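Down below is the structure, laid out as structure tokens.
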2 protein chains.
Amino acid sequence: MTDQDPPGAEQDEGRAGLRRAAFLKAAREVFLEHGYDNASMAEIVRRAGGSLSTLYAQFGGKKGLFEAMVDARVEELTEPMVVELSAHTPIREGLQRIGERFMARLSEPDALNVFRLMAGQARTFPDLAGGYARRGPERIRSALAAYLKDRAEAGEVRIENFDVAAQIFFDLVRARMALRTLFEPDYHPSDADIREAVDRGVRVFLGGVEALAP
Amino acid sequence: MTDQDPPGAEQDEGRAGLRRAAFLKAAREVFLEHGYDNASMAEIVRRAGGSLSTLYAQFGGKKGLFEAMVDARVEELTEPMVVELSAHTPIREGLQRIGERFMARLSEPDALNVFRLMAGQARTFPDLAGGYARRGPERIRSALAAYLKDRAEAGEVRIENFDVAAQIFFDLVRARMALRTLFEPDYHPSDADIREAVDRGVRVFLGGVEALAP
DNA sequence: ACAACAGTGTAATCTGCGTTACGGTTACTT
DNA sequence: AAGTAACCGTAACGCAGATTACACTGTTGT
């Protein structure tokens, strides 16, 4: 009876879509809570509603469900990382803003948990792990590289390789927290922590990058 | 009949000590190969020789065995990290040497695997994970801080907080590789990779630290 | 209304593994 | 040599969870 039915729209909820979304959400919760091995398919169904049979029909099995879940999650976490950075913002301010946005994204509990989970399962799901690690940072890094290029042309910095420089900046900003959060599941940086870490990163970066292009 | 019997020496092999060592070695292999959950006690015994009963008698259970294994491993990996750095080495050379030593240690396949394994189990074994993360870097970092202080007093750098500076240096050097190796289990940096990464870190660090102490 | 189909619930199957029990064997002590 | 404690093998227990089978009930399209 429905007369809309958009032809190529898979993302919007048919009845199958609704079920699928519910399964993915529950799977995310349970996997992140218990880890891959200790997550139970039955509990996922319990939380999602629906039935075990449908779960298996839609995802094939535990492995398939996990992959689908991570895929969806990476998409969600990556998407909002595009930073609105008017190209001509002064460099210090621009770096600070892009750095904070980046760290805020990475510091959300869910993102951290996916991070940890993937690290643990890297050898079981090599493709997924590689993809996750690459897809996330890639987009924002190239955005930063472009921004650095713009600033270099404006004469604010002297940089030789923009991609390398962007990489260094992010590493500098995230290293401390990324490593710490991996091993202390209960540590969650506050906004102030983030601001401070980024500030320190920006200062070292601005002082140091030019040493790479003499 | 043995007339040696050193009084306080627990580390040297009694019969129990031999068994224990064999168990720990096998446990390390199996845990690192399959991950905590998929490691089977039976297989550990198969590799170590001995019997399941003895394993349980000595370690109490899977959890106890795991903790003992990680503990022993951390000890082994931490111990050789003390860097012989004659205090008055010029700073560029000193940083390069300490950085390379540090990275070489962290890049050994076993160290990486322990790293990944711990990250995955951080919420199951919070104490272990925290301890592991701290014990390793702690010693070498304070050695670096002392060295930096010496160099600062010699007028080679201007640094305000030596611990923070040391932290930044290590983060700068290790970030790239640590994160990459977490998600690409098959990636193993060569000596040349390490040298280059450290070199880059040293340059950015030396150029940038002083920006923290204006 | 009626066939085709996707979704539901529940139970049964199958497997693997941590853990314990136990009777026999070995190695050290005195 | 006798005694004691640790060690060995193996089998059994109990459990938990992935996966499958099956009989049912709604929904969809014509």
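Reminder, nothing fancy here: chain letters follow the sequence lines and each chain counts from 1. Just so we're clear, the structure is a prediction, and the values are computed from it rather than from any experiment.
B:Q121 has its side chain out of reach of B:L128: every pair of non-hydrogen atoms, C-beta onward, lies at least 4.5 Å apart. Using a 4.5 Å heavy-atom threshold, the side chains of A:F31 and A:L65 count as touching.
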Per-pair distances, 0.1 Å, donor-acceptor, side chain in residues 38-48 of chain A, under 3.5 Å, sequence neighbours excluded:
residue	atom	partner	partner atom	Å
A:N38	ND2	B:D37	OD1	3.4
A:S40	OG	A:A42	N	3.2
A:S40	OG	A:E43	N	3.0
A:E43	OE2	A:R47	NE	3.3
A:E43	OE2	A:R47	NH2	2.7
A:R47	NH1	A:E29	OE1	3.1
A:R47	NH1	A:E33	OE2	3.2
A:R47	NH2	A:E33	OE1	2.9

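Under the ring pair (Phe, Tyr, Trp, His ring centres under 6.0 Å) criterion, the residue pairs touching residues 184-205 of chain B are B:F169-B:F205, with sequence neighbours excluded.
Per the geometry, CD1 belonging to A:I44 stands 14 Å off C1' belonging to D:dT19, to the nearest Å. Distance, B:R19 CZ to C:dT26 P: 15 Å, rounded to whole Å. D:dG9 atom P lies 13 Å from atom CG of B:L55, rounded to whole Å. Atom-to-atom, CD of A:E43 to P of D:dA16 comes out at 13 Å; the value is rounded to the nearest Å.
By the 6.0 Å and 45° rule, B:K62 stacks over the aromatic ring of B:Y36.
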Nucleotides 11-23 of chain C: protein proximity per nucleotide (B base, S sugar-phosphate only, - neither; heavy atom, under 4.0 Å): -------SBBB--
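Look at B:Q58 and you won't find any side-chain N or O under 4.0 angstrom from OP1 or OP2 of D:dA6.
Salt bridge present: B:R203 and B:D199 bring a charged side-chain N and a carboxylate O closer than 4.0 Å.
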